[in-house]
Amino acid sequence: MTYLFDGSYEGYLCTVFEAFERKEFHAEPTVEEQWVPSIFDEPRRILTDKTKAQRVLQALEKQLGKKDASLFYYNFLSDHPHYWHLGFRLIIRLFKTGFLNMLDFSDPDILLLHQQVKKVNRERHRMKAFIRFVKSADNLYTALIEPDFNVLPLILTFFKNRYADQDWLIYDVKRNYGYHFHHQQLQEVSLSEQQEIPDMYALELNLDPKELAFQQLWKTYFNSTTIKERKNTKLHLRHVPKRYWKFLPEKL
């Protein structure tokens, strides 16, 4: 049985609620875009109900505490059905047995969950370091990202605090949504299907006249501080993988 939900964490938690209500404990949650139709599988569409989702979340936090319960949220942000199924199985086991030792690394599912959460956390830290903003003439700072995991919700507080006096937009081009920070208010935004997502430094923005000059200044600083004799490409790629380079002006 496949459970189709809307892709939100609330929707995901509602699949757990539905599984217990219908006694369908072997269901597999996924989203419409990633579901592969089969004559042997008739999907069930799960409606997102904030009340139901809150009940599941409160039960999770009561059983595990907020810290361990948050592991399931980080795992969910892996943005992959395999790890959604993993988290779903563990939550079902927790509620059926009343116990789940989140430090039992001899349990393959627990170990895999922690390994995936570690990867998501690493991507979150990288996004904080590798995001580059482009300033437009109307003082909007825009940055495009394409992380492996859906870590944008995890970095919003960091940028709200760091750039509290600026208007900015961070947009995930891989998942086609972002957040616009304006007048201390944060709002989720997304492009319509008819709109094309622009390339990072070919943005059709009315750039601030000084923007290109600042980019060139940053490239000059980057090149001047590089010691060619101590260049270690292998180490550099480990810390700054190539998939980030198209968003870094010093690499263009």
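Quick caveat, the model's predicted, so the values are computed rather than measured.
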Enquirer: Ion pair present between Arg93 and Asp107, side-chain N to carboxylate O less than 4.0 angstrom?
Expert: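 Asp107 and Arg93: salt-bridged.
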Enquirer: Side-chain heavy atoms nearer than 4.5 Å, only ILVMFWY residues, links allowed to pass through others: does that put Phe95 and Phe88 together?
Expert: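 Same cluster: Phe95 reaches Phe88 through Ile, Leu, Val, Met, Phe, Trp or Tyr contacts under 4.5 Å.
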Enquirer: Within 45 degrees of the axis of the six-membered ring of Phe25 and under 6.0 Å from its centre: does Lys96 put its NZ or CZ there?
Expert: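 That pair qualifies as a cation-pi contact.
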Enquirer: Could you tell me whether Arg44 and Glu24 make a salt bridge, using a distance below 4.0 angstrom between a side-chain N and a carboxylate O?
Expert: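 Counted as a salt bridge, because a side-chain N and a carboxylate O are separated by less than 4.0 Å.
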Enquirer: Minimum heavy-atom separation for Ser78 to Gln116, with atom names?
Expert: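 For Ser78 and Gln116, the tightest heavy-atom pair comes out as OG-CG, 3.0 Å.
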Enquirer: Could you tell me whether Trp168 and Phe181 have their ring centroids closer than 6.0 angstrom?
Expert: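 Between Phe181 and Trp168, which both carry aromatic rings, the centre distance is below 6.0 Å.
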Enquirer: Ignoring hydrogens and angles, state whether a donor on the side chain of Asn176 or Tyr171 is under 3.5 Å from an acceptor on the partner side chain.
Expert: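 Note: Asn176 and Tyr171 side chains meet the donor-acceptor criterion.
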Enquirer: May I ask you to check whether Phe5 and Trp84 place their ring centres under 6.0 Å from each other?
Expert: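 Yes, ring centres under 6.0 Å apart.
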Enquirer: Check for a donor-acceptor pair, side chain of His180 on one end and backbone N or O of Val189 on the other, with a separation under 3.5 Å.
Expert: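 Judged by distance alone, no pair lies under 3.5 Å.
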Enquirer: Should the pair Tyr83 and His80 be assigned to parallel (<30°), tilted (30 to 60°) or perpendicular (>60°) ring geometry?
Expert: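 Tyr83 and His80: perpendicular rings.
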Enquirer: Quick one: do Glu146 and Arg175 make a salt bridge, cutoff under 4.0 Å?
Expert: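 So Glu146 does not pair with Arg175 through a salt bridge.
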Enquirer: Identify whether Met127 and Leu154 are in the same connected component of the hydrophobic contact network (ILVMFWY, side-chain heavy atoms under 4.5 Å).
Expert: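 Met127 clusters together with Leu154.
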Enquirer: Which one of Arg124, Lys118, Lys119 satisfies the side chain to side chain contact (heavy atoms under 4.5 Å, CB included) criterion with Tyr74?
Expert: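 Only one option passes, and that is Arg124.
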Enquirer: Which class fits the ring pair Phe133 and Phe159: parallel under 30°, tilted 30 to 60°, perpendicular over 60°?
Expert: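 Ring orientation, 0 to 90° scale: perpendicular.
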Enquirer: What pair of heavy atoms forms the shortest contact from Leu71 to Val117, and how long is it?
Expert: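 It is O-CG2, 3.5 Å.
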Enquirer: For Lys128, is the NZ atom crowded, meaning more than 12 foreign heavy atoms sit under 6.0 Å from it?
Expert: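 It does: Lys128 NZ has more than 12 such atoms within range.
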Enquirer: Tell me whether Arg55 at atom CZ has more than 12 heavy atoms from other residues, nucleotides or ligands lying less than 6.0 Å away.
Expert: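 No, CZ of Arg55 has 12 or fewer neighbouring heavy atoms, counting only those of other groups under 6.0 Å.
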Enquirer: Quick one, Glu10 with Thr48, criterion side chain to side chain donor-acceptor pair (under 3.5 Å). Give me CA distance, side-chain angles, the key distance, then yes/no.
Expert: CA-CA 6 Å; Glu10 289 179 333; Thr48 300; over 6 Å; no
Enquirer: State yes or no: do Leu100 and Val16 share one hydrophobic cluster built from I, L, V, M, F, W and Y residues joined by side-chain heavy-atom distances below 4.5 Å, directly or via other members?
Expert: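 Same cluster.
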Enquirer: Specify whether Tyr73 and Phe76 have parallel, tilted or perpendicular ring planes, treating 30° as the upper limit for parallel and 60° as the lower limit for perpendicular.
Expert: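 The rings of Tyr73 and Phe76 lie parallel, inter-plane angle below 30°.
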Enquirer: Could you go through Asp172 and Tyr179, starting from their C-alpha distance and side-chain angles, then the distance that decides it, and tell me whether this counts as side chain to side chain donor-acceptor pair (under 3.5 Å)?
Expert: CA-CA 9 Å; Asp172 186 336; Tyr179 282 91; over 6 Å; no
